[in-house]
2 protein chains.
Amino acid sequence: MFTIDTRSRTPIYEQLMEKLKELIIREVMKEDEQLPSVRVLAQQLTINPNTIQKAYRELEHQGYIYSIPGKGSFVSPVKNEINKERMEMLRKELERIVGEILYLGVPKDEVIKLIETMEEPERREDKND
Amino acid sequence: MFTIDTRSRTPIYEQLMEKLKELIIREVMKEDEQLPSVRVLAQQLTINPNTIQKAYRELEHQGYIYSIPGKGSFVSPVKNEINKERMEMLRKELERIVGEILYLGVPKDEVIKLIETMEEPERREDKND
DNA sequence: TTAACTGTATTAATATAAATAATACAGATG
DNA sequence: CATCTGTATTATTTATATTAATACAGTTAA
């Protein structure tokens, strides 16, 4: 499914979160799709189940997945009460990074251009639950 | 000068780096201005000199400050060979964060609006060394 | 030159966090 | 019932961050 660098200084569970988020954001994994179980993924990546569990727990807390005991873990539907803390954190991070980029001399226009090349995810409007 | 949260889960040296970068980016501290010495700052913040040293070392590696043994540590002039690794890392981080924000349903226009409200640092063009 | 600064380096000890390991429990499913 | 799922707990090991105590060399001013 993906690879983990056990020697990296960034913790395994964080790497896992990034990779999984990537799959969710790029919509490789879609709403309500089941994630590999804690044990299966642990075996595939040859890392400890507890580490997977930690990553899943965090992703659930951030609103990216939801878990049902006995059934499994699944990708969260996007619009369901976006985590406000997370949104606030992202806004701050964005400001920090753009601030740093501007300081380093990259003109604002270029930053905006970069963002304009990025794709907005397509989404149905009609699916109001 | 600033405050450090020793109980925070983010390492002290990272907090220090953020705070100092903030001062440099907001141009509270200007080119070639001297930073407090390792020992003085350590005493002020009541943390270990080695921790300050670590932060300074990293900031130097990222191109934000330069140190002269026996003299002190100073804010780097901005245009002097921007750290390309760092620029690349910032670009990637930007893409990651904006990607996540877009995924969460914030329209691209709004992200761009936010960036447009940010101030570009003013800089002389004539000072070509 | 001496005294008091500066950054830098090293080595050891301690504290905190991450990761592994071994289980256990309860819900879901066929 | 057997086997899958998530979740929780406790202990141990390993890695990282932090402190501590020095040492050395360059700078600066008295």
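Quick note on labels: first sequence line is chain A, next is B, and so on, each numbered from 1.
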Practice problem: Find out whether B:Y13 and B:Y56 are in side-chain contact, i.e. whether some heavy atom of one side chain is under 4.5 Å from a heavy atom of the other. | Solution: no

Exercise. Report the distance from atom CG of A:L59 to atom C1' of D:dT7, rounded to the nearest whole Å.
Key: 16 Å

Quiz item: Can we say B:E18 and A:R96 salt-bridge, meaning some charged N sits less than 4.0 Å from an Asp/Glu carboxylate O?
Solution: no

Quiz item: Over how many whole Å does the gap from A:Q15 atom CD to C:dA18 atom C1' extend?
Solution: 12 Å

Self-check item: Ion pair check, B:K21 and B:E14, cut-off under 4.0 Å
Solution: no

Practice problem: Using heavy atoms to find the nearest nucleotide of DNA chain C for B:P69 and A:I47 separately, return the residue whose nucleotide is more 5′. | Solution: B:P69

Quiz prompt | Phosphate-side-chain proximity, A:S67 and D:dG6, N/O vs OP1/OP2 below 4.0 Å | solution = no

Self-check item: Whole-Å distance separating the NE2 atom of B:H61 from the C1' atom of C:dT8
Solution: 17 Å

Exercise. Round to a whole Å and report the spacing from CD1 of B:I68 to C1' of C:dT8.
Key: 14 Å

Quiz item: Does C:dA19 have OP1 or OP2 sitting under 4.0 Å from an N or O in the side chain of A:Y13?
Solution: no

Quiz item: Between atom CD in A:Q43 and atom P in C:dT20, what is the gap in whole Å?
Solution: 14 Å

Quiz item: Does a side-chain heavy-atom distance below 4.5 Å link B:L104 with B:I101?
Solution: no

Practice problem: Could you tell me whether the side chains of B:Q34 and B:K71 share a donor-acceptor contact shorter than 3.5 Å? | Solution: no

Self-check item: Short side-chain N/O contact from B:S73 to OP1 or OP2 of C:dG7, under 4.0 Å
Solution: yes

Quiz item: Does OP1 or OP2 of D:dG6 have a side-chain N or O of A:K71 closer than 4.0 Å?
Solution: no

Exercise. Output the single nucleotide from C:dT20, D:dA20, C:dG7 whose closest atom is nearest the side chain of B:N50.
Key: D:dA20

Quiz item: Rounded to the Å, how far apart are A:R39 CZ and C:dT23 P?
Solution: 14 Å

Practice problem: Return the 5'-most residue of the pair B:T6, A:P36 with respect to DNA chain D, ranking by each residue's nearest nucleotide. | Solution: A:P36

Exercise. Have a look at A:E60 and say if it touches a base, only the backbone sugar-phosphate, or nothing, with a 4.0 Å heavy-atom cut-off.
Key: sugar-phosphate

Quiz item: Considering only D:dT18, C:dT20, D:dG6, which nucleotide approaches the side chain of B:P11 most closely?
Solution: D:dT18

Quiz prompt | Side chain of B:N48 - closest among D:dT19, C:dA19, C:dG7 | solution = D:dT19

Quiz item: B:E58 has an atom CD; how far is it from atom P of C:dG7, in whole Å?
Solution: 17 Å

Quiz item: What is the distance from CD of B:Q53 to P of D:dA23, rounded to the nearest Å?
Solution: 16 Å

Quiz item: Are any non-hydrogen side-chain atoms of A:E58 and A:Q62 less than 4.5 angstrom apart?
Solution: yes

Quiz prompt | 5' priority, DNA chain D, between B:P49 and A:R57 [closest heavy atom] | solution = A:R57

Quiz item: Has A:K54 got a side-chain N or O lying under 4.0 Å from the OP1 or OP2 atom of C:dA18?
Solution: yes

Self-check item: Side-chain N or O of A:T51 closer than 4.0 Å to phosphate OP1/OP2 of C:dA19
Solution: no

Exercise. From the options D:dT5, C:dG7, C:dA19, select the nucleotide whose nearest atom is closest to the side chain of A:V40.
Key: D:dT5

